[in-house]
Amino acid sequence: EIVDDTIVFADGHRCAVLECSGANSGTMDSEQKRGLHAAYHAVLLGLAFPVQILVCADPVTLGPYAARRTARLAGRPLAVRRLGSADTAYMRRAVARLGGLDQHVYVVISAAAVPTVPVPGRRGLLALLRHQRRLAATRWALSATDAHTGIALEHLLAERCETVREGLARAGVHAWRLRTPCLLYTSD
């Protein structure tokens, strides 16, 4: 079920979801793409907890847009309505020909315990110390006396969401946590 902006499973496991939007990599040259890839890589390797990345791609539908447009043009002269209708028909043909996709990228963040696998080598001493500090802080949060209560897990999820959001922002990606209405809509 979805409770207070969090997905709660039958076993008590909790997840939060961030939706992301970033730069159009189709307009970037190879050097810019390498820089973007390195920034994403740094963000993901810098996390002390696992995340899941989910990409949803659905065909673009112009139905709701066309209906709103038709309603806006209803009081206009016949020539303007015909022009609007022809324009909408052109957009529908273009979308069908190009195979337009409506893409959404989500990062699913779990409140599950952090694995105790050590960080791979050759990342530098400073990176290793940062990782150890994050790991220790997360372990402390999970071992606190109220670690199994919903409040502690919500706090942990909020911290993890903020960590991921800040890291993605440094990589040029805007991310926001999905709230209950959006989670309900997305799950349909």
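No side-chain heavy atom of S21 sits under 4.5 Å from any side-chain heavy atom of V105. Inter-residue side-chain proximity for M91 and Y65 is flagged as met; some heavy-atom pair is nearer than 4.5 Å. For the pair Y106/V55, no side-chain contact is recorded, criterion being any heavy-atom separation below 4.5 Å from C-beta on. Taking 4.5 Å as the limit, every side-chain heavy atom of W176 sits out of range of all side-chain heavy atoms of C20. Put simply, the side chain of E154 does not reach to within 4.5 Å of the side chain of D5, judged on heavy atoms. Looking at heavy atoms from C-beta onward, I109 lies in side-chain contact with F49 at the 4.5 angstrom threshold. The side-chain heavy atoms of V51 and L44, taken from C-beta on, include a pair separated by under 4.5 Å. Residues R14 and I7 are not in side-chain contact: their nearest non-hydrogen atoms beyond the backbone lie 4.5 Å or more apart.
Between atom NE2 of residue H41 and atom CZ of residue R34 there is a gap of 15.0 Å, rounded to the nearest 0.5 Å. Here the straight-line distance linking atom CZ of R92 with atom CG of D87 works out to 11.5 Å at 0.5 Å rounding. Rounding to the nearest 0.5 Å gives a distance of 12.0 Å between CD of E31 and CG of L36. Distance OG1/T88 to CZ/R93: 10.5 Å, rounded to 0.5 Å.
In terms of heavy atoms, L73 sits closest to G84 at CD1-CA, 3.7 Å. Taking both residues in full, the closest heavy atoms of Q103 and A57 are given as CG-CB, 4.0 Å, listed atom of the first, atom of the second, then distance. L18 and C161 make their closest contact through CD1-O, 3.9 Å (heavy atoms, listed as atom of the first residue, atom of the second, distance).
Counting heavy-atom neighbours within 6.0 Å of R179 CZ, excluding the residue itself, gives a total above 12. In F9, the CZ atom is crowded: over 12 heavy atoms of neighbouring residues, nucleotides or ligands sit closer than 6.0 Å. Residue H37 qualifies as open at atom NE2: its count of foreign heavy atoms under 6.0 Å is 12 or below. Atom NE2 of H104 has more than 12 neighbouring heavy atoms from other residues, nucleotides or ligands inside a 6.0 Å radius.
Side chain of S85 to backbone of R81: no donor-acceptor contact under 3.5 angstrom is found. With hydrogens and angles ignored, the 3.5 Å screen pairs a side-chain donor or acceptor of Q32 with a backbone N or O of D29. Under the 3.5 Å distance criterion, the side-chain polar atoms of R160 are matched with a main-chain donor or acceptor of S110.
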List the steps and the verdict of side chain to side chain donor-acceptor pair (under 3.5 Å) for T6 and R177. CA-CA 10 Å; T6 303; R177 185 169 177 180; 3.0 Å; yes
